[in-house]
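Everything below concerns the one structure shown next.
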Amino acid sequence: MEVPRGSIRVEGISKVYGDLNVLEPLSFSVQPGQLVALLGPSGCGKSTLLSMVAGLTPASGGRCRLSGRTMMVFQQDGLLPWRRIRKNVELGLEYRGLPRKERSTRAAQALTRVGLTGFESYFPGQLSGGMRQRAALARALVMDPDILLMDEPFGALDAITRMRMQQDLLTLWEEEGKTILLVTHDVDEALILADRILVLAPRPGRITLDTPVLLDRPREPGSGAYAELRHQLLSALGLRTEHWAPSI
């Protein structure tokens, strides 16, 4: 059966390292244009799962089917320090053999989309962490992917910069209609961004909750519906909810 462009299908995928059972067989699908969060604590296997979806880590069992061009954005920006920002963004286009003028035009457009116009000639070391992460996002967007896989892309940023990047990502998602699968350990980040949240429990990793986020955007952390869903997510993570308030 043909998989719609921009969709992800995970079918019984699992991972074992020697005697360590990292991920139990699990299955889920992501529809074209959805923004889905994989939420869980450190060590639950969510980054391993995303890496298997991306084809970077071999699965021990099962399979994953993606339709369309896929790009991955990591927590660390991975920019090459000896290349200027525009040249970093052009890197994938160089590998594809596109002409210099087209590379330059597309890189400039991608940098404009992430708010980095005017910083094309800077080196990564001259930019803040948030700006470098914007450049890493531009490097992915310049390839015009149907699917973005994001592994805690804002985890290393300070709280204010992280909130700005979250809003920027939502704006891009609304404008571009990309399919996004996002790994996070932040409950509020998942609630602010996602259409749907999959909660993973550790040892071995498994999905304990798969819930839609039926909240209008922009989402207000103080609202009753938000608090109710947050309580549900914290309970699925095994946390005592009376001790936890929203982090944003």
Side-chain angles (χ1 to χ4, degrees), residues 6-17 21-67 70-76 133 136-137 140 145-157 162 165-166 169-170 173 178-215 219 229-230 232-239 247-248:
S7 65
I8 303 170
R9 290 188 181 176
V10 175
E11 301 171 346
I13 205 167
S14 63
K15 186 63 181 177
V16 177
Y17 288 110
N21 188 7
V22 178
L23 281 170
E24 288 186 347
L26 51 85
S27 301
F28 64 91
S29 62
V30 180
Q31 301 304 312
Q34 269 196 321
L35 200 168
V36 175
L38 294 172
L39 173 67
S42 297
C44 72
K46 57 188 184 296
S47 291
T48 299
L49 173 57
L50 194 72
S51 184
M52 289 193 294
V53 171
L56 301 177
T57 298
S60 300
R63 65 174 180 171
C64 180
R65 295 191 289 169
L66 294 84
S67 177
T70 303
M71 293 297 295
M72 190 159 179
V73 179
F74 299 91
Q75 182 174 350
Q76 301 301 322
Q133 200 62 18
L137 181 56
D146 301 287
I147 298 169
L148 275 175
L149 305 176
M150 309 186 79
D151 190 2
E152 300 196 44
F154 313 136
L157 304 177
R162 185 169 66 247
M165 289 293 294
Q166 289 168 353
L169 178 63
L170 275 178
W173 172 71
K178 308 293 186 187
T179 303
I180 299 177
L181 184 59
L182 169 78
V183 161
T184 182
H185 61 265
D186 187 315
V187 172
D188 291 297
E189 180 166 85
L191 282 168
I192 290 293
L193 295 178
D195 293 319
R196 177 169 152 232
I197 300 172
L198 307 180
V199 176
L200 271 69
R203 294 185 299 275
R206 61 201 183 280
I207 296 173
T208 58
L209 179 67
D210 181 349
T211 182
V213 184
L214 303 177
L215 302 174
R219 292 171 179 164
L229 185 52
R230 192 173 192 275
Q232 183 182 5
L233 294 173
L234 290 171
S235 296
L237 290 166
L239 298 172
S247 60
I248 59 175

Which heavy atom of [X] sits nearest to which heavy atom of [Y], and what is that distance?
| X | Y | value |
| --- | --- | --- |
| G45 | V22 | CA-CG1, 4.4 Å |
| P212 | L229 | O-CD2, 4.2 Å |
| L237 | P41 | CD2-CD, 3.9 Å |
| P204 | E24 | CG-CG, 3.3 Å |
| A236 | V199 | CB-CG1, 4.0 Å |
| P153 | V73 | CB-CG1, 4.1 Å |

Do [X] and [Y] have side chains that get closer than 4.5 Å, going by heavy atoms?
| X | Y | answer |
| --- | --- | --- |
| V16 | N21 | yes |
| T70 | P145 | no |
| L49 | L26 | yes |
| M150 | L169 | yes |
| E152 | V183 | yes |
| S29 | E11 | no |

Return the [atom1] to [atom2] distance between [X] and [Y], rounded to the nearest 0.5 Å.
| X | Y | atom1 | atom2 | answer |
| --- | --- | --- | --- | --- |
| I147 | S7 | CD1 | OG | 6.5 Å |
| L191 | L233 | CG | CG | 5.0 Å |
| L200 | S47 | CG | OG | 10.5 Å |
| F28 | I13 | CZ | CD1 | 8.0 Å |
| Q76 | Q133 | CD | CD | 8.0 Å |
| L198 | L182 | CG | CG | 11.0 Å |

**OP:** Give me the one residue out of L170, T179, V30 that meets side-chain contact (heavy atoms from CB on, under 4.5 Å) with L35.
**Re:**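 Only match with L35 under side-chain contact (heavy atoms from CB on, under 4.5 Å): L170.
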Taking [X] for its side chain and [Y] for its backbone only, find out whether a donor-acceptor pair lies under 3.5 Å.
| X | Y | answer |
| --- | --- | --- |
| S27 | G12 | yes |
| T184 | A190 | no |
| K46 | G40 | yes |
| R196 | A194 | no |

Original post:
Checking side chain to side chain contact (heavy atoms under 4.5 Å, CB included) for the pair I8/Q34: CA distance, chi angles, key distance, verdict?
Top reply: CA-CA 10 Å; I8 303 170; Q34 269 196 321; over 6 Å; no
Original post:
Under the side chain to side chain contact (heavy atoms under 4.5 Å, CB included) criterion, do D186 and R162 qualify, and how do the steps go?
Top reply: CA-CA 11 Å; D186 187 315; R162 185 169 66 247; 4.0 Å; yes
